[in-house]
Amino acid sequence: MSKQVRVRFAPSPTGPLHIGGVRTALFNYLFAKKNGGTFYLRIEDTDQNRFVPGAESYILEALEWLGIAPDETIGKNEKFGPYRQSERKKIYKQYADQLIDSGWAYYAFDTAEALDAHRKQHEAEGKTFIYNHHNREKLDTSLVISKEATQKRIANGEDFVIRFKTPVDETLHLNDLIRGNLQFETNLLDDKVLFKSDGMPTYHLANIVDDHLMETTHVIRGEEWLPSMPLHKLLYKAFGWEAPQFAHLPLILKPVGNGKLSKRDGDKMGFPVFPLEWTSDEGVSSGYREKGFFPETVINFLALLGWNDGTEKELFSLDELIEAFELKRVHKAGAKFDPEKNKWFNHQYLIQQNDEDLAKCFASIVYEKGITIDFTKLVKIVSLIKERAHFVSEFWELSDYFFEAPKSYDENASKNWKEETPVLMLQLIEKLQTIDNFTSVNIETQIKDWMMQNEIGMGKVMQPFRLSLVGALKGPHLFDIIELIGKEETINRLQKAIDTL
């Protein structure tokens, strides 16, 4: 690539960052890092009516948490600042005027009522109203009045917009790095508004001007922006600028049915669609961070939504993703979101975590329950149960018997408690009392020797023994449990089971 790669993520601060937006940011980040380039964040807040306080800081915090923070943004390496479009307001008018002067744009004075009347008239005739070459010279525009009259109306404070003058009878042959060659007929395009009378540009003008001034080389964005591609390419042509290369990512689809993944899908099926928790007047929307997902998990499962490296490999570190990422391996078709598979990913990352780090997370849950335990012992418990967990929040349910004697016994498992079981359990207590070196290996050796010498079947002892200690036939290696709860507690639980069952 001749120019240094510069890509951007340019969200609007209209609420929490959707997981689809996070994937767009991720693919831009991966592409930049793979090609030794720059990933920057620009906040596109030209639509002040939809601005939501806190949304901007949420976006920055989410990218930081995920480990894909921008190289340049508000308050950080502001080489091409400002990075908020609302602070670039003075920049855009000169470019709108340039398009007027070069004949690529015109003033339109149509009122909302007049346009609504045109739409209704077209509907009555079975037609669709499109503001373009068909009617722009029949409407209230500077194309049909003199320059002097136009300037007088503007000076008098009349409301106006500046519209792009789409060329007539042209076929645009455009290339998308994911979708290949695309063809658009200009006669089917409408004359988009570029500049509003309130002094603010629309998305289309601000986006193109900023991408040019910030030296963006590649525009990697969601499929929903594909219909804007011909206008954006034409704007580059109108300004005489070299256009960046475009790549439109596939949609993230609902887990079931058709259509784009939405917050409603998450609410209905009980999974987050935001990276971090978001609180609004409507309530609290859950986030992947608060649900106990590791940031590495979210990065991993998002990367595989619409991309793979051509192999069966599923687990990637961020560095491995950077090494493997290529836009040509991004799919055209939408990718179905799979909440259950995402839990599987989190399990894979959980079992890779250091036991001490997991124990620190688990400690807060244990201490909240008023339980004090030696940290070394907690680390050991974590090492025994983590293979069965998807989240740290599941640790208590998987290990409560290490901290508390069972309050009840699983009904199905209790069928293993036979008529002769109490006698065997009393004999087991006697044997346990003789064991001094109370380590897992030694206890196991001695108990198994005792069973062999007395010709007692393994099932007759081991299942009631586990039921007595755990309350169910679950948990890790039984003798590891015994070592951790200790001799006295083991004997107490056996006695309680004898008395209860």
Side-chain angles (χ1 to χ4, degrees), residues 3 6 8 10 40 42-48 79-110 131-133 135-137 139-170 172 174 184 186-187 189-219 221 225 227-246:
K3 283 186 178 179
R6 283 182 59 82
R8 50 48 167 198
Y40 73 90
R42 184 173 72 227
I43 297 295
E44 301 202 333
D45 58 346
T46 53
D47 189 348
Q48 290 292 298
K79 183 179 177 184
F80 293 94
Y83 286 81
R84 281 189 200 95
Q85 283 188 336
S86 59
E87 294 173 8
R88 299 171 67 83
K89 185 177 173 182
K90 292 177 183 175
I91 296 172
Y92 305 116
K93 181 66 166 67
Q94 63 180 301
Y95 291 100
D97 291 343
Q98 185 179 323
L99 292 174
I100 292 277
D101 293 343
S102 62
W104 279 96
Y106 58 93
Y107 294 101
F109 297 94
D110 314 275
Y131 202 127
N132 64 6
H133 70 283
N135 48 32
R136 62 191 173 206
E137 295 190 9
L139 296 166
D140 193 5
T141 73
S142 61
L143 297 173
V144 292
I145 59 175
S146 69
K147 189 174 180 180
E148 292 74 19
T150 299
Q151 292 304 321
K152 188 175 179 182
R153 290 177 71 174
I154 293 170
N156 288 338
E158 270 195 57
D159 285 342
F160 68 91
V161 296
I162 295 176
R163 288 183 178 270
F164 186 67
K165 189 179 178 185
T166 309
V168 183
D169 297 331
E170 285 188 22
L172 303 177
L174 309 179
F184 297 90
T186 59
N187 285 357
L189 304 176
D190 58 338
D191 288 1
K192 291 286 187 199
V193 174
L194 301 179
F195 202 82
K196 299 172 285 186
S197 55
D198 65 0
M200 290 297 280
T202 61
Y203 166 81
H204 302 290
L205 179 66
N207 186 275
I208 295 314
V209 169
D210 287 345
D211 278 346
H212 172 70
L213 296 179
M214 294 180 170
E215 298 182 7
T216 307
T217 60
H218 298 75
V219 172
R221 59 189 181 185
W225 294 111
S228 299
M229 187 181 176
L231 170 62
H232 293 181
K233 281 281 194 174
L234 284 168
L235 278 165
Y236 279 102
K237 181 181 178 182
F239 283 120
W241 297 337
E242 182 185 351
Q245 296 187 66
F246 286 83

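On a predicted model such as this, the values are computed, not experimentally measured, just so you know.
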Mind listing the closest non-hydrogen atom pair of Arg136 and Val168 along with its distance? NH2-CG2, 3.6 Å
If the plane angle is over 60° it's perpendicular, under 30° parallel, otherwise tilted; pick one for Tyr40 and Tyr83. perpendicular
Taking the six-membered ring of Phe160, is NZ or CZ of Arg153 closer than 6.0 Å to its centre and within 45° of its axis? no
Can you classify the ring geometry of Tyr95 versus Phe239 as parallel (below 30°), tilted (30 to 60°) or perpendicular (above 60°)? perpendicular
Report yes if some heavy atom in the side chain of Arg8 is under 4.5 Å from a heavy atom in the side chain of Met214; otherwise report no. no
The residue among Lys196, Arg88, Gln85 that forms side-chain contact (heavy atoms from CB on, under 4.5 Å) with Thr46 is Gln85
Do you know the tightest heavy-atom contact between Tyr92 and Ala206? CE2-CA, 3.6 Å
Which heavy atom in Met200 sits nearest to a heavy atom in Asp198, and how many Å separate them? N-OD1, 2.9 Å
Side chain to side chain donor-acceptor pair (under 3.5 Å) partners of Asp159, counting only residues at least two apart: none
I'd like to check Ile208 versus Tyr203 (side-chain heavy atoms, cut-off strictly below 4.5 Å). Are they in contact? no
Taking the side chain as every heavy atom from C-beta outward, state whether Leu189 and Asn132 have any pair of such atoms under 4.5 Å apart. no
Within the distance-only criterion (no hydrogens, no angle test), does the side chain of Thr166 pair as donor or acceptor with the backbone N or O of Thr186 below 3.5 angstrom? no
Set of residues satisfying side chain to side chain donor-acceptor pair (under 3.5 Å) with respect to Tyr107, sequence neighbours excluded: none
Give the minimum heavy-atom separation between Glu170 and Pro167, together with the two atoms involved. OE2-CB, 3.3 Å
Does the side chain of Asp191 reach to within under 4.5 Å of the side chain of Tyr106, using non-hydrogen atoms? yes
Arg42 side chain near Asn207 side chain, heavy-atom distance below 4.5 Å: yes
Walk me through whether Gln245 and Val219 qualify under side-chain contact (heavy atoms from CB on, under 4.5 Å). CA-CA 6 Å; Gln245 296 187 66; Val219 172; over 6 Å; no
Counting only heavy atoms not in Glu242, do more than 12 sit closer than 6.0 Å to its CD atom? no
Less than 4.5 Å apart, any side-chain heavy atom of Ile162 and any of Val193? no
Under a 4.5 Å cut-off applied to non-hydrogen side-chain atoms, are Phe195 and Leu205 in contact? yes
Non-hydrogen atoms of Ser228 and His204 that approach each other most closely: OG-CE1, 3.5 Å
For residues Phe246 and Lys233, determine if any side-chain heavy atom of one lies less than 4.5 Å from a side-chain heavy atom of the other. yes
Backbone N/O of His218 and side chain of Thr216: donor-acceptor pair under 3.5 Å: no
Note: Ala238 and Leu99 closest approach over all heavy atoms is CB-CD2, 3.7 Å
